[in-house]
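For reference, the structure is listed below as structure tokens.
For ligands, and for the atoms within them, numbers begin at 1 and follow the listed sequence.
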Amino acid sequence: EDAEKMANFQTRIDSEDRIEANDWMPEAYRRTLVRQISQHAHSEIIGQLPEGAWITRAPSLRRKAALLAKVQDECGHGLYLYAAAETLNASREALMDQLMEGKAKYSSIFNYPTMTWADIGAIGWLVDGAAIMNQIPLCRCSYGPYARAMIRVCKEESFHQRQGFEIMMTLAKGSARQKAMAQDALNRWWWPSLMMFGPPDTDSQHSDQSTRWKIKRFSNDELRQKFVDATVPQAQFLGLTLPDPDLRQDEVTGNWIYGEIDWEEFKQVIAGNGPCNQDRLASRRKAHEEGAWVREAAAAYAARQASRNAA
Ligand code: FAQ
């Protein structure tokens, strides 16, 4: 009977049917989605921290308002994504505990420090640019609640990318010191941005199954290449140089061929040994503890409402 269910499930996937929360699904499909969606949610939540550090130091009121809105959007994305994971019977509290105990993964990129204001430009331009490249195909993911969440997330992300590019543009067209600051930020964020797409296809353990289930529509290397091809002309437009001496355009395909990625650095960051891993988790734990009174008040309010309704 299970074999028949499995076959029917794959037929639905193959015919581009959306799987919804109450539909039958293989346990491994559910687990894969909880893994990916929760890692994605954690990335949004931790992803607030590098930029959050610059809200009080933004160079103007206008920059501050835009950055504040962006960081709030990231919080909202994290919350939709936890809600999408809950439709798969995952407990939000358990997922958050795993994050705070250092047992859950989140994107490697958020373990790098934001040293100058130009980093805020580089994050919007490159990190949100990479996030959009990866998330647009997720709008067609086979699991309905995740796919629908991605539509709104992508709209907001494209605003984030534009605000980052505009910061870079202002700096790149500014004084020599401002341009140097933009170049320095690009030098530091370029390679970590390429690592966001995950290990090379040959080392990606989940890709084959996730592609069969139409969770993934493009491979890690395919998306990384699309990102490089989209970003090289933008760097040229800014008059900045990508920190890759091997970068060259393939005459036949037009693709930009990039140099070797430091996969050892990637492994170290994922293993918890990046420049800011400890700091990010400590900040998250502190925020969670400081928010305890809000959760307690909300629970007390809900209990009172429930007892009133029962009376
Ligand atoms: N960092 O077999 P694969 C954002 C892990 S955007 C850390 O290839 P898969 C927006 C992977 O989880 C960033 N870990 O895995 C924003 C797996 O570990 P596991 C978040 C990574 O799932 C912008 C193992 O390596 N976006 O937050 C990374 O098929 C600005 C093997 O890898 C998403 O999460 C990495 N870079 O493909 C916020 C998008 N790469 O679970 C604030 C949704 C791989 O076996 C500011 N996720 N790993 O222990 C995905 O599309 C996929 O999960 C991939 C990885 C493509 C990331």
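No N or O atom of Gln48 sits closer than 3.5 Å to an N or O atom of ligand 1. Ligand 1 has no N or O atom lying under 3.5 Å from any N or O atom of Gln135, backbone or side chain. For ligand 1, one of its N or O atoms has an N or O atom of Gln205 under 3.5 Å away. Every N/O-N/O distance between Glu74 and ligand 1 stays at or above 3.5 Å.
Around atom CD of Glu20, more than 12 heavy atoms belonging to other residues, nucleotides or ligands sit under 6.0 Å away. Atom CD of Gln305 has more than 12 heavy atoms from other residues, nucleotides or ligands within 6.0 Å. Within a 6.0 Å radius of CD in Glu251, no more than 12 heavy atoms belonging to other residues, nucleotides or ligands are found. No more than 12 heavy atoms of other residues, nucleotides or ligands sit less than 6.0 Å from atom CG of Asn22. Heavy-atom contacts from other residues, nucleotides or ligands closer than 6.0 Å to NZ of Lys155 number 12 or fewer.
Within the 4.0 Å heavy-atom criterion, the part of Tyr106 lying near ligand 1 is the backbone and not the side chain. Residue contacts with ligand 1, taken as heavy atom pairs separated by less than 4.0 Å, involve His40 via backbone and side-chain atoms alike. Residue-level proximity to ligand 1 for Lys105 is carried by the side chain, the only part with a heavy atom below 4.0 angstrom. By the criterion of a heavy-atom distance under 4.0 Å, both the backbone and the side chain of Ser107 are placed next to ligand 1. With a heavy-atom cut-off of 4.0 Å, Asn220 touches ligand 1 through its side chain alone. Neither the backbone nor the side chain of His42 comes within 4.0 Å of ligand 1, counting heavy atoms alone.
Ring geometry for Trp263 versus Phe266: interplanar angle over 60°, hence perpendicular rather than tilted (30 to 60°). Between Tyr29 and Trp213, the two ring planes are perpendicular [angle over 60°; tilted spans 30° to 60°].
In this structure, the protein non-hydrogen atom closest to atom 41 (O) of ligand 1 is Gln39 NE2, 2.8 Å. For atom 14 (N) of ligand 1, the closest heavy atom belonging to the protein is Ile270 CD1, 3.3 Å. Annotation: atom 27 (O) of ligand 1 to nearest protein heavy atom, Ser43 CB, 3.5 Å. Looking at atom 23 (C) of ligand 1, its nearest protein heavy atom turns out to be Asp128 OD1, 3.5 Å. When hydrogens are left out, the protein atom nearest atom 39 (C) of ligand 1 is Asn134 OD1, 3.1 Å; that is the closest non-hydrogen contact. Given atom 10 (C) of ligand 1, the protein heavy atom at minimum distance is Glu44 OE2, 3.5 Å. Ranking the protein heavy atoms by distance from atom 6 (S) of ligand 1 puts Ala131 CB, 3.6 Å first. Residue, atom and distance of the protein heavy atom nearest to atom 55 (C) of ligand 1 are Lys216 NZ, 4.3 Å.
Of the options Glu156, Glu51, Gln163, Gln48, a side chain to side chain donor-acceptor pair (under 3.5 Å) to Lys70 is made by Glu51 and by none of the others. Between Ile215 and the options Ser210, Ser207, Pro137, a side chain to side chain contact (heavy atoms under 4.5 Å, CB included) holds for only Ser210.
Atoms of ligand 1 found under 4.0 Å from any heavy atom of Val127, numbered from 1 in the order shown, are 23 (C), 30 (C). The ligand atoms of ligand 1 that sit less than 4.0 angstrom from a heavy atom of Gly198 are 40 (N), 44 (C). Near Tyr146, meaning under 4.0 Å from any of its heavy atoms, are these atoms of ligand 1: 43 (C). Shown in contact with Glu51 at under 4.0 Å from a heavy atom are these atoms of ligand 1, numbered in order with element: 46 (C). Interface of Lys70 with ligand 1, defined as ligand atoms under 4.0 Å from a residue heavy atom, comprises 30 (C), 46 (C).
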* In sequence, state the C-alpha distance, the side-chain angles, and the governing distance for Arg63 and Glu166, and then conclude on salt bridge (Lys or Arg N to Asp or Glu O under 4.0 Å). => CA-CA 11 Å; Arg63 292 294 187 203; Glu166 207 249 341; 2.8 Å; yes

* **Worked check of side chain to side chain donor-acceptor pair (under 3.5 Å) between Gln225 and Asp229** => CA-CA 6 Å; Gln225 186 65 55; Asp229 291 342; 3.0 Å; yes

* Evaluation steps, salt bridge (Lys or Arg N to Asp or Glu O under 4.0 Å), between Arg217 and Glu16 -> CA-CA 12 Å; Arg217 299 275 179 171; Glu16 298 289 328; 3.0 Å; yes

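At a 4.0 Å cut-off, not a single heavy atom of Ser210 sits close enough to ligand 1 to count as contact. Not a single heavy atom of His160 sits closer than 4.0 Å to an atom of ligand 1.
Atom 35 (C) of ligand 1 is flagged as protein-proximal [any protein heavy atom, distance under 4.0 Å].
Through chains of ILVMFWY side-chain contacts below 4.5 Å, Val294 is grouped with Trp293.
Atom CD of residue Glu74 and atom CG of residue Leu49 lie 9.5 Å apart, to the nearest 0.5 angstrom.
Under a 3.5 Å cut-off, the side chain of Asn111 and the backbone N or O of Gly272 do not form any donor-acceptor pair.
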